[in-house]
Amino acid sequence: MNAQSRVAIVTGGAGGIGRAIAARLQHDGHRVALWDLDGDAAAQAAAALPRSASAGTSLGVRVDATDEASVASALRATLAHFGALHVLVNSAGATGPVANVADCDLAAWQRCIDVNLRSVFLCSRAAVQPMLAAGFGRIVNLASIAGKEGNPQMSAYSAAKAGVIAFTKSMGKELALTPVRVNCIAPAVIETPLLAQMTRDALAASLAKIPMQRAGTAEEAANLVAWLAGDQCSFSSGATFDLSGGRATY
Ligand SMILES: NC(=O)c1ccc[n+]([C@@H]2O[C@H](COP(=O)([O-])OP(=O)(O)OC[C@H]3O[C@@H](n4cnc5c(N)ncnc54)[C@H](O)[C@@H]3O)[C@@H](O)[C@H]2O)c1
C-alpha cells in the first residue's frame with residue numbers, strides 16, 4: 001500500500017504546523033482530515049488544500065481533542081467519510097500559562113496539561129484499533145524541546161511535553177510487534193501563530209539558543225513528519241526526533 005490510499009488525521013490542523021503537515025500529507029497523496037477546536041478554520045483550511053486526483057478532497061472536523069466524547073465523534077465522522085485510518089498526527093497544543101510556579105493558577109495549569117497531553121492520549125487511544133484493522137499505522141506527536149530542557153515560566157507546557165515524550169516511548173514499545181509506529185518530534189522555535197502566546201523575552205531567549213540563529217518553518221516540521229508518517233520509518237518507534245536548528249545536543 002502506498003500513501004495514495006492512506007487516510008491521515010491531523011489534530012490542530014487549522015494551526016500553523018498542523019496546516020503545513022496536512023498540506024504536505026495531502027501533497028504526498030494521503031486523504032486528510034483536519035481536526036481542530038475551531039471547526040470553521042478547520043473547514044476553511046481543508047477547503048484551501050489543493051485537490052489532487054489521488055487524494056481528492058480533505059475534510060475539516062470540529063473536535064475538542066481534550067474531550068473523550070468529542071474525539072469519538074470526530075473519529076466516527078472521519079471513518080464514515082474515508083473508511084479507514086492509517087496516520088495520526090497529534091499537533092493540537094497551546095503554550096498555556098506564562099508564570100513562575102509559585103504564581104501559577106491551577107486551572108490554567110490543568111488546561112495546558114489537557115490540551116497538550118490528555119489530547120494525545122485520547123486521540124492515540126482512539127486511533128489504535130482502526131490502524132491495527134488497516135494493517136498499517138503511524139502516530140506522530142508534536143512534543144517540544146521544552147519537554148527535554150524545561151522552559152522557565154512555562155512549567156505546565158514543559159511538563160506536558162515531557163509527558164508526550166514519555167507517552168510516545170511507552171506506546172511505541174507497546175506496539176513494537178504490530179505494524180504501528182509511534183514517534184514524536186521536539187521542535188525548538190517554529191514560526192507560527194503560537195509564538196504570539198509567548199512573551200517577547202521568552203521568545204528572544206529561545207531564539208538566542210538556536211545555533212542556526214533563526215526559527216524553523218512549519219514546512220520544515222512537515223518534512224520530518226511526512227517521513228515519520230511513511231513506510232520508510234520502519235525501525236524507529238518510541239523515539240524523539242529533534243528539530244531545533246542545532247540546539248538539542250542529546
Ligand atoms: N510553534 C512552535 O514554535 C512550536 C515549538 C515546539 C512545539 N510546538 C507544538 O507544535 C504543535 C502545533 O503548534 P503550532 O505552532 O501550529 O500552534 P498553533 O497555535 O498555530 O496551532 C494549534 C492549533 O491547535 C488547535 N487546538 C487548540 N486546542 C485544541 C483542542 N482542545 N482540540 C483541538 N484543537 C485544538 C488550535 O485551534 C490551533 O489551530 C503544538 O502542539 C505545539 O505545542 C510548536
Side-chain angles (χ1 to χ4, degrees), residues 8-12 17-18 21 25 35 65-66 68 71 75 85-96 109-110 112-151 154-190 194 206 216 220-250:
I9 291 169
V10 181
T11 76
I17 296 176
I21 292 168
L25 293 178
W35 288 14
T66 69
E68 187 176 23
V71 169
L75 182 64
L85 174 63
H86 306 88
V87 174
L88 167 68
V89 181
N90 284 305
S91 188
T95 53
W109 164 278
Q110 189 60 55
C112 183
I113 299 292
D114 287 350
V115 70
N116 289 293
L117 180 57
R118 178 183 162 106
S119 66
V120 172
F121 161 68
L122 287 175
C123 295
S124 301
R125 186 181 65 169
V128 172
Q129 283 311 322
M131 287 180 178
L132 291 176
F136 178 91
R138 296 287 183 270
I139 297 176
V140 187
N141 299 321
L142 272 286
S144 167
I145 195 154
K148 297 176 80 172
E149 296 191 359
N151 285 356
M154 291 175 68
S155 58
Y157 184 75
S158 302
K161 293 301 190 182
V164 170
I165 291 170
F167 177 85
T168 303
K169 291 178 182 175
S170 187
M171 198 174 178
K173 289 191 173 96
E174 269 176 35
L175 294 171
L177 294 178
T178 77
V180 180
R181 302 284 167 266
V182 188
N183 293 291
C184 67
I185 71 169
V189 182
I190 305 291
L194 180 127
S206 291
E220 287 174 314
N223 290 340
L224 179 54
V225 171
W227 183 79
L228 290 167
D231 292 290
Q232 290 185 345
C233 177
S234 52
F235 197 51
S236 297
S237 204
T240 303
F241 290 77
D242 292 311
L243 191 76
S244 66
R247 172 176 162 185
T249 50
Y250 65 97

For a quick test of reading the model, state the closest non-hydrogen atom pair linking [X] to [Y] and the distance between them.
X	Y	result
Ala186	Thr240	CB-CG2, 3.8 Å
Val10	Gly18	CG1-O, 3.5 Å
Ala160	Asn116	CB-CB, 3.6 Å
Ser206	Val189	CB-CG2, 3.5 Å
Gly93	Leu194	O-CD1, 4.3 Å
Ala221	Ile17	CB-CG2, 4.0 Å

Tell me, do [X] and [Y] make a side-chain contact under 4.5 Å, heavy atoms counted?
X	Y	value
Leu25	Val89	yes
Val180	Val128	no
Asn151	Thr95	no
Leu85	Leu75	yes
Met131	Ile139	yes
Pro179	Leu132	yes
Val182	Ser124	no

Give a yes or no on whether the backbone of [Y] and the side-chain of [X] come within a donor-acceptor separation of less than 3.5 Å.
X	Y	result
Ser119	Thr66	no
Arg181	Leu228	no
Thr11	Ala92	yes
Arg247	Ile145	no
Thr168	Val164	yes
Lys173	Ser237	no

TODO: Going by the side-chain contact (heavy atoms from CB on, under 4.5 Å) test, name the single residue among Leu142, Asn223, Val87, Val140 that passes it with Ile21.
DONE: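 Among Leu142, Asn223, Val87, Val140, the one meeting side-chain contact (heavy atoms from CB on, under 4.5 Å) with Ile21 is Leu142.
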- [ ] Please assess Arg118 against Gln110 for the test side-chain contact (heavy atoms from CB on, under 4.5 Å), listing each intermediate value before the final yes or no.
- [x] CA-CA 10 Å; Arg118 178 183 162 106; Gln110 189 60 55; over 6 Å; no
Task: Intermediate values then yes/no, side-chain contact (heavy atoms from CB on, under 4.5 Å), Ile190 and Leu243 - done: CA-CA 9 Å; Ile190 305 291; Leu243 191 76; 3.9 Å; yes
Open item on the list: In terms of relative ring orientation, are His86 and Phe136 parallel, tilted or perpendicular, with 30° and 60° separating the classes?
Closed with: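 Aromatic pair His86/Phe136 classed tilted.
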From [X] [atom1] over to [Y] [atom2], what is the distance, rounded to the nearest 0.5 angstrom?
X	Y	atom1	atom2	answer
Arg138	Leu88	CZ	CG	13.0 Å
Ile9	Ser91	CD1	OG	13.5 Å
Ile185	Ile165	CD1	CD1	11.0 Å

Task: Side-chain donor-acceptor pair present, Ser236, Asn183, cut-off under 3.5 Å - done: no
Open item on the list: Between Tyr250 and Glu149, does the side-chain contact (heavy atoms from CB on, under 4.5 Å) criterion hold? Intermediate values first, please.
Closed with: CA-CA 10 Å; Tyr250 65 97; Glu149 296 191 359; 3.7 Å; yes
Open item on the list: Can you confirm whether more than 12 heavy atoms, excluding those of Lys148, are under 6.0 Å from its NZ atom?
Closed with: yes
